[in-house]
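Here's the structure we're looking at; comments come further down.
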Amino acid sequence: MNDFEAVRQLISSTTGMDAADIKPDSDLAEFGLGKLDFTELLNELEDIFDIIIDGDEDEMHTVNDIVSHIVA
């Protein structure tokens with residue numbers, strides 16, 4: 001599973017959205033995640049990838065923005 005797929009699956013399981021509807025350029029606002037939900041999502045990704053996602057959460061607007069922080 002590539003980085004995008006992992007992010008997509010986690011967003012899907014967190015929000016209940018169909019994974020097929022989550023695209024790299026999907027706006028994170030579409031998912032209805034509150035600030036706390038988003039922070040928890042990032043924390044889960046840090047655990048999954050054994051990384052620290054460095055950067056301002058306010059600068060992450062799309063799924064691809066999250067993926068970019070994972071591979072950085």
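Throughout, numbering of the chain's residues begins at 1 and tracks the sequence.
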Please tell me if the side chains of F49 and D3 come closer than 4.5 Å, counting only heavy atoms from C-beta onward. yes
Drop me the distance from L45's CG to I66's CD1, to the nearest 0.5 angstrom. 6.5 Å
Hey, could you give me the CG/CG distance between D25 and D65, rounded to the nearest 0.5 Å? 10.5 Å
Sidechain-backbone polar pair: E5 side chain, N2 backbone, donor-acceptor under 3.5 Å: no
Hey, does the side chain of S12 reach the backbone of R8 with a donor-acceptor pair shorter than 3.5 angstrom? no
Would you check if L28 and L33 make a side-chain contact, meaning some heavy-atom pair closer than 4.5 Å? no
Can I get a per-line list of side-chain donor-acceptor pairs under 3.5 Å for residues 17-24, giving both atom names and the distance, sequence neighbours left out?
residue : atom : partner : partner atom : Å
D18     : OD1  : A20     : N            : 3.1
K23     : NZ   : A20     : O            : 2.6

Straight-line distance of L42 CG to I53 CD1, nearest 0.5 Å: 4.5 Å
Do K35 and D58 come within less than 4.5 Å of each other through their side chains, counting heavy atoms only? yes
Show the numbers, then the answer: is there a side chain to side chain contact (heavy atoms under 4.5 Å, CB included) between L41 and I11? CA-CA 7 Å; L41 177 84; I11 290 171; 4.0 Å; yes
